[in-house]
S.K.: 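This structure is in structure tokens; I'll ask about it shortly.
Here is the naming used below: chain letters follow the sequence lines, and residue numbers restart at 1 for every chain. Bear in mind that the values here come from a model prediction, so they are computed numbers and not experimental data.
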Amino acid sequence: MKFGKMKTHRRNRLLLVLFLVVGAGGAATFTLLALNENINLFYSPEQIVEGEAPSGQTIRAGGMVVEGSVVRSETDLGVSFLISDLKSAEVTVRYEGILPDLFREGQGVIARGQLNQDGEFVADEVLAKHDENYMPPEVADVIAEAHEEGKARGG
Amino acid sequence: MIPEFGHFALILALGLSAALAVVPAMGVARGDPLLMRSGSFIACGIFVFLLFSFFCLMESFLSDDFSVRYVANNSNSALPVQYKISAIWGAHEGSFLLWTLIMGGWTLAVAFFSNSLTFDMKARVLSVMGLLNVGFISFILFASNPFDRSLPFYPQDGADLNPLLQDFGLIVHPPMLYMGYVGFAVPFALAIATLTTGRLDAAWAKWSRPWTNAAWAFLTIGITLGSWWAYYELGWGGWWFWDAVENASFMPWLVGTALIHSLAASEKRGVFKSWTVLLAIATFSLSLLGAFLVRSGVLTSVHAFAVDPTRGLFILIFLVLVIGGSLVIYALKASGIRSEVSFKWNSREAMLLTNNLLLVVATAAVLLGTLYPLLYEVLTDGKKISVGPPYFNRVFVPVALLLFLVMIIAPFSRWRKTGSDRLLRNNWVLFLIAPAVVFAATLLFGMTFEPLALFIETIALCILVLLGKSWRDSAKGGWRSPSASYTGMILGHAGMAVAILGVVITVYYSEGRDVRLQPGDTVSLSGYDFHFESVGKVKGPNYVADQAVFSVRRGGKEVAMLKPEKRFYSVARNVMTEADLDPGIFRDLYIALGEPIGEDAWAVRLHVKPFVRWIWVGGLLVAAGGFITLIDRRYRRRKVKTALAGAAT
């Protein structure tokens, strides 16, 4: 009797462990797949100009908004502007919608969207920080790198 | 002088915290009751000095002492007085002072409201709290002192508080959130203290429960307020963004939720003990991780404070010490803890286990998504990525849905085993009527038929009815009214169902449009006609604004007049959108002004959001449920007994 009881107890425990392993494995696989599909790589204007960024895939791009480059549509909310690394590379960004409050010419922004066939960046979302003095780290890096390279070439 | 007094009080508080960490613990080691009892007095001293220090900073703000750098950066002589006070926690240094003050407050609370603990245990708990106080206060003193002066050359006037933070939501959101984060230090300290004794008994779980419930209820309010604030102030009508900092507050909440459930099982049935201890450690660790993420600037977030690597490093080291240290203690001591209780698959224990597993899986998924950008950058040598909201929605929603399904049966299950068909046999009428009611309501509101939405709404309705019925039964069935714990449990779950109803309906049936409008234009949305009447200038205390006037009509009848603004804060030189909304039980009308685009035209965002308010009402109900459990008699019984004993002699 006692032995039989032990057995069901063990069997239950084994079933539970199996269930947990399968469940955890399934959840992990599902999670990693979801993660893989939803990461957005960041590209600098230079990388985009040199064709390193894929088109038709959601990516992020960032840089400084070039002074005087913001052009608005007369009829709807369409807008386009240039982002640059303040050195050589510039990319056109197209966006349809309301820009954030701190979007301004000469400020750092990050856009999420896709590259189209013409090498223009079609943004689904444009982010500027809430703090005026803040520079998104990605954009700060882009400018620092471009600056370093310029120095290296020039020197 | 006042800032110097504040600074000095902090130093004294640090000294006392060190004493609190050492003295009671020494009392335990030597078996000296005097040293053990001294903890309460030291805790008192810590709190008094922290409070004094906090008032000093407040006085610096109120008297516009711009020689204090923190005041100069976050205040202005024209700032309204309530915002001068809330500006104390408007940026990193001051908000951490508030955090520390709250930590001191919880320490004091433990010293005074823990009569049911043995002296030995209380001394251990206070020592752990003392150690944490040492960590937090030294962080303020060495890496983020709010009392720093910029002498001899200081600005004539301050740079003003970030306009986004000049709002009622910010006055209350951070204190509530910190009450939650820091409150989890109490169950953490108790877990560590208990581990050091090597015995985990029912008393430990019983003592932990009210503290955990209180911290968790505060955190719930904090998150709810944050979501509400984001909705009307910053989010253009969104209420959750899966932003890194939101996640940082959500993860301790998820694990904390697992913890309060697991504690119930540990107290009542003595099961899952070592697991519960692990959860207590994890909850507080995730709170600290949240602080690290917000304050170190390692993640790009709309909330992040200014970037400062020293601070990040300090918190990281503290984090590693706390997590590493507690896990080492756990590894050494927890192996001796065994629970020998069996239960059936449909018992309450099994339901709570399922709840815990799902919550932990959900937390792990959110944690992975939040930290993945960091991991990726390290692994790929500097490549930067972001993880988008679609990831979080895809992994979190199914788990949440499973949890919600379990919620239909779990609150009505019994310990050890549940009669297999109790739920179905007693409630088959409900399960037939509920879908019909949801169907009819959908028709009535003129909404479309979305199968998943209808399904979830039906479950929510069933849960609400079952909870209500169950509470009524217990109220009339027994010889006394239902216990506060039970009422709180029912209310908490009902709040969750209300919030989920709100989420589902808002997600499925909201309508929104960004349009270019000129005065005189009309746009229709969800049966409402938004008419742009005019735009004019208005002036506030520290800003000037363009104010648009919209009239909203439905079927020719005017239902609301909305006046969204675009404000320009002259000192901070900041532009800010001040949306206007017409709140309602069944729908919100929401208008936000974008930018002026040529001529008189404005970019305008319009929303009609059905049931959106239910999300926050639900959240507040959940928190209320947590608070109600605190007045349960069981947590006071010890006191009553001793009082009786005292009266008898």
S.K.: Heavy atoms only: give me the nearest B:Ala603-A:Leu77 pair and the separation to one decimal.
M.R.: CB-CD2, 3.4 Å
S.K.: Could you tell me which of A:Val79, A:Leu41, A:Thr58 has the largest number of non-hydrogen atom pairs under 4.5 Å with chain B?
M.R.: A:Leu41
S.K.: Please classify the contact between B:Val515 and chain A as side chain, backbone, both or neither, with a heavy-atom cut-off of under 4.5 Å.
M.R.: backbone
S.K.: Please flag which part of A:Ile59 lies under 4.5 Å from any non-hydrogen atom of chain B: side chain, backbone, both or neither.
M.R.: neither
S.K.: Quick one: list whatever passes side-chain hydrogen bond (donor to acceptor under 3.5 Å, both in side chains) with A:Arg72, sequence neighbours left out.
M.R.: B:Glu595
S.K.: Is it true that a side-chain atom of A:Asp101 and a backbone atom of B:Thr577 form a donor plus acceptor pair closer than 3.5 Å?
M.R.: yes
S.K.: Which pair of heavy atoms, one from B:Gly594 and one from A:Ile98, lies closest together, and at what distance?
M.R.: CA-CG2, 3.6 Å
S.K.: Of the backbone (N, CA, C, O) and the side chain (C-beta and beyond), which part of A:Glu74 lies under 4.5 Å from a heavy atom of chain B, both, or neither?
M.R.: backbone
S.K.: Between the side chains of B:Ser386 and A:Arg60, is a donor N or O closer than 3.5 angstrom to an acceptor N or O?
M.R.: yes
S.K.: Walk me through it: do B:Leu357 and A:Leu20 pass the test side chain to side chain contact (heavy atoms under 4.5 Å, CB included)?
M.R.: CA-CA 9 Å; B:Leu357 282 177; A:Leu20 284 181; 3.5 Å; yes
S.K.: For the atom pair CD1 (A:Ile39) and NZ (B:Lys383), what is the distance rounded to the nearest 0.5 Å?
M.R.: 9.5 Å
S.K.: State, with a plain yes or no, whether a side-chain heavy atom of A:Asn40 is found less than 4.5 Å away from one of B:Ile385.
M.R.: no
S.K.: For residues 363-397 of chain B, which residue pairs pass the ring-ring contact (aromatic ring centres under 6.0 Å, His included) check, not counting sequence neighbours?
M.R.: B:Trp242-B:Phe392, B:Trp242-B:Phe396, B:Phe250-B:Phe396, B:Tyr372-B:Tyr376
S.K.: Identify the two heavy atoms, one from B:Arg394 and one from A:Asn38, that lie closest to each other, and give their separation to 0.1 Å.
M.R.: NH1-ND2, 4.5 Å
S.K.: Specify the closest pair of heavy atoms between B:Val361 and A:Ala27, including all atoms of both residues, with the distance to one decimal.
M.R.: CG1-CB, 4.4 Å
S.K.: Measuring from B:Asp514:CG to A:Asp76:CG, what's the distance to the nearest 0.5 Å?
M.R.: 11.5 Å
